Amino acid sequence: GENVEQHPSTLSVQEGDSAVIKCTYSDSASNYFPWYKQELGKRPQLIIDIRSNVGEKKDQRIAVTLNKTAKHFSLHITETQPEDSAVYFCAAPKDEGDDKIIFGKGTRLHILP
Amino acid sequence: GAGVSQSPRYKVAKRGQDVALRCDPISGHVSLFWYQQALGQGPEFLTYFQNEAQLDKSGLPSDRFFAERPEGSVSTLKIQRTQQEDSAVYLCASSLASPFQVQETQYFGPGTRLLVL
């Protein structure tokens with residue numbers, strides 16, 4: 001089964017700067033890596049995902065990179081804005097080819113004015 | 001269209017009481033997942049349905065937890081004889097489960113916040 005480690009647990013960045021959150025996974029067969037954003041008291045929402053046939057994916061200010069050899073993937077947020085403040089979770093399939101996903105423990109991102 | 005909905009949004013139960021939490025997935029979504037989210041933690045997998053079949057219940061913490069989805073749509077998570085450690089947010093998610101690709105996006109409901117006193 002999969003084990004997902006996420007760091008840092010808390011991250012503070014100045015508004016306008018970039019934020020990077022990193023996750024490692026244990027199962028080399030994993031091939032799907034979603035990132036979710038959860039604002040206080042709200043539901044987790046998918047912000048971007050990547051599959052193992054690509055190394056990078058970008059959507060406006062958000063990008064995800066995947067290094068299959070090292071078994072880690074990262075979320076990059078550029079030009080951070082106050083509304084980026086939230087908890088971010090990475091995830092990976094529980095088992096190979098599985099619809100079930102295992103979440104990291106989350107990173108609380110604070111955007112400082 | 002309508003997203004995943006859950007009810008009740010908040011539930012206060014006395015220890016030992018039974019509770020039932022409801023999830024209405026997005027119409028047409030084949031897969032349905034239940035998660036437990038403790039304060040300051042990520043969602044922890046509880047159980048998974050594909051249509052009415054419960055394919056994985058390995059995450060259920062004890063035999064006091066029971067889930068069903070009898071008609072392959074609405075699902076209910078039941079917790080019997082609630083304990084204080086059951087206090088958490090219970091999240092439901094659904095996904096389309098395309099026959100061409102596994103691991104479709106999971107769409108979450110707002111959750112039910114359960115407090116056991």
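Chain letters run A, B, ... following the sequence lines, proteins first and then strands; every chain starts at 1. Worth saying up front: this structure is predicted, and the values here are computed from it rather than measured.
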Crowding at [atom1], [X] (>12 non-hydrogen neighbours, <6.0 Å):
X        : atom1 : result
Glu83(A) : CD    : yes
Glu79(A) : CD    : no
Leu39(B) : CG    : no
Lys68(A) : NZ    : yes
Gln54(B) : CD    : yes

Give a yes or no on whether [X] and [Y] share a hydrophobic cluster (residues Ile, Leu, Val, Met, Phe, Trp, Tyr; joining criterion: side-chain heavy atoms under 4.5 Å apart).
X         : Y        : value
Phe103(A) : Tyr90(B) : no
Ile101(A) : Leu46(A) : yes
Phe45(B)  : Leu60(B) : no
Ile47(A)  : Phe73(A) : yes
Leu55(B)  : Tyr35(B) : yes

Can you tell which of Leu91(B), Asp56(B), Val89(B) has the highest number of heavy-atom pairs within less than 4.5 Å of chain A?
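The answer is Asp56(B).
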Contact winner vs chain A - Ala93(B), Gly111(B), Pro43(B), heavy-atom pairs under 4.5 Å:
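Of Ala93(B), Gly111(B), Pro43(B), Pro43(B) has the most heavy-atom pairs under 4.5 Å with chain A.
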Can you tell me which portion of [X] sits under 4.5 Å from chain A's heavy atoms? Options are side chain, backbone, both or neither.
X         : value
Ser58(B)  : side chain
Gln50(B)  : side chain
Thr105(B) : both

So what's closer than 4.5 Å to chain B heavy atoms on Gln38(A): side chain, backbone, both or neither?
side chain
Report which part of Pro44(A) has an atom under 4.5 Å of a heavy atom belonging to chain B: side chain, backbone, both, or neither.
both
List, by chain and number, the other hydrophobic cluster members for Ile26(B), where Ile, Leu, Val, Met, Phe, Trp and Tyr join if side-chain heavy atoms come within less than 4.5 Å, directly or indirectly.
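Hydrophobic cluster check, Ile26(B): joined to Val4(B), Tyr107(B).
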Quick check: closest heavy atoms across Pro110(B) and Arg43(A), and the distance to 0.1 Å?
CD-NH2, 3.6 Å
Minimum heavy-atom distance between Gln106(B) and Tyr36(A), given as atom pair plus value:
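Nearest pair, atom of Gln106(B) first, then Tyr36(A): O-OH, 2.9 Å.
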Should Phe89(A) and Gln37(B) be marked as a side-chain contact (heavy atoms from CB on, under 4.5 Å) after you check the CA-CA gap, both sets of side-chain angles, and the distance that decides it?
CA-CA 12 Å; Phe89(A) 295 99; Gln37(B) 186 174 28; 3.5 Å; yes
If you check every heavy atom in residues 61-83 of chain B against those of chain A, which residues fall under 4.5 Å?
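The stretch does not come within 4.5 Å of chain A.
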Interatomic spacing from OG in Ser31(B) to NZ in Lys100(A) - rounded to 0.5 Å
9.5 Å
